[in-house]
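First up is the structure itself, then whatever we jot down about it.
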Amino acid sequence: MEPQITGPGRITMTAFSATVLIGGMNFIAVKFSNVELAPLFGAGTRFAAGALVFFAIARIRGMDLPRGRALAGAAIYGMLGFGLFYALRYFALLGISAGMTSVILASLPLITLVLAVLHGQERFTMRGVAGGVLALGGIAVLSLRTLGGDLPLLPLLAAVAGAFAAAEATVLVKGFPKSDPITTNAVGMAVGSVGLLLASALFQESWALPGLARTWVALAWLVAVGSVALFALFLFVIKRWTASASAYAGTLMPVVTVGMGALLLDEPVTPEVVAGGALVILGVYVGALSGMRPTARPRVPAPSAVEDEALA
């Protein structure tokens, strides 16, 4: 019988929930920004601005930047989690819907579990496998109607490859020496943005600034909330929970994305979406929450009769 795992505290779960909400809304914002901004240029600009905000916060607070292995970890985290992942995801959003792209990320927990086991961070558990399989079942149900049509192959493969890059980044950043989420993200976003902008120049993308007000609003959201707030919260969660459990944030994001996509982009909410979303949520419960018990709190002994009289 598997031992029970102590679950995350209330603050960690609150940060996890905020990560899910922000991340799900980000797919919609990216869809708006892609209207005027070339995908790699838009991603690079977003993370360059986010890195400047993080560096400014670190400077104001007098924080030291990572050094040694911590610096290497932050740089690799940036190359994979910001550079490669977002280049692939932005490209995917050009060919498939925001909901479909986010649903593919529901495979993150299973991929992360496998990678975490290979890195020696976690044990291979049937609970983790079951949760990941249920999430993949949700992906299959959600994708039935889309896969039956003309689904562009390259955007689909880009979304899947992006999920692997994000999973590896999550595992690696947990394995390197601990550093503050502010400074880790400052270095990671800087490295990722350089890679994205170099790729943008290589593919000769247009570097024109947007002209529509809604594009500026989407970009402002993606920098301030969708980058700075989101990844500060995500690293906070990773450092206090397992990598595979933290990855379920990507699994829950479709719930937010599909709802917002229906409201803002007129994307359909079909029976497959409802059934698939239910499977994804069940997978989150089985893989990340079932079998866990709340963090134990110290028990305060009841006052004795003498103490009761003294307090009377």
With sequence neighbours excluded, residues passing ring-ring contact (aromatic ring centres under 6.0 Å, His included) with Phe82:
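If we apply the ring-ring contact (aromatic ring centres under 6.0 Å, His included) test to Phe82, skipping adjacent residues, the hits are Phe47, Tyr77, Phe231.
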Any donor-acceptor pair under 3.5 Å from [X] side chain to [Y] backbone:
{"X": "Gln121", "Y": "Ala116", "result": "no"}
{"X": "Ser200", "Y": "Leu196", "result": "no"}
{"X": "Ser33", "Y": "Val30", "result": "yes"}
{"X": "Trp221", "Y": "Ala29", "result": "no"}
{"X": "Glu36", "Y": "Thr215", "result": "no"}
{"X": "Lys174", "Y": "Ile238", "result": "yes"}
{"X": "Thr45", "Y": "Gly42", "result": "no"}

Are [Y] and [X] co-members of a hydrophobic cluster defined by side-chain heavy atoms under 4.5 Å apart?
{"X": "Tyr86", "Y": "Ile22", "value": "yes"}
{"X": "Phe32", "Y": "Leu37", "value": "no"}
{"X": "Ile76", "Y": "Leu84", "value": "yes"}

Determine whether [X] and [Y] make a side-chain contact, defined as any pair of heavy atoms from C-beta on separated by less than 4.5 Å.
{"X": "Phe236", "Y": "Thr19", "result": "no"}
{"X": "Met13", "Y": "Arg240", "result": "no"}
{"X": "Leu65", "Y": "Phe55", "result": "yes"}
{"X": "Leu172", "Y": "His119", "result": "yes"}
{"X": "Leu40", "Y": "Leu197", "result": "no"}

Name of the residue among Val225, Leu21, Val20, Asn26 meeting side chain to side chain contact (heavy atoms under 4.5 Å, CB included) with Leu230
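Answer to the side chain to side chain contact (heavy atoms under 4.5 Å, CB included) test with Leu230 among Val225, Leu21, Val20, Asn26: Asn26.
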Could you tell me the separation between the CG atom of Leu235 and the OG1 atom of Thr184, rounded to the nearest 0.5 Å?
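Answer for the CG-OG1 pair, Leu235 versus Thr184, is 6.0 Å.
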Distance-minimising heavy-atom pair for [X] and [Y]:
{"X": "Val187", "Y": "Pro66", "value": "CG2-CD, 4.0 Å"}
{"X": "Ser246", "Y": "Val237", "value": "OG-CG1, 3.6 Å"}
{"X": "Pro155", "Y": "Ala92", "value": "O-CB, 3.3 Å"}
{"X": "Met189", "Y": "Gly50", "value": "SD-C, 3.8 Å"}

Restricting to pairs with a member in residues 222-237, which pass side-chain hydrogen bond (donor to acceptor under 3.5 Å, both in side chains), not counting sequence neighbours?
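Sorted pair list: Arg46-Ser227.
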Is a side-chain donor-acceptor pair under 3.5 Å present for Thr12 with Trp241?
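The answer is no; no qualifying pair exists.
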Got a sec: does the CG of Leu198 have more than 12 other heavy atoms crowding it under 6.0 Å?
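Yes.
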Taking only residues two or more places apart in sequence or in another chain, which ones pass side chain to side chain contact (heavy atoms under 4.5 Å, CB included) with Ala18?
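Listed in chain order: Leu233.
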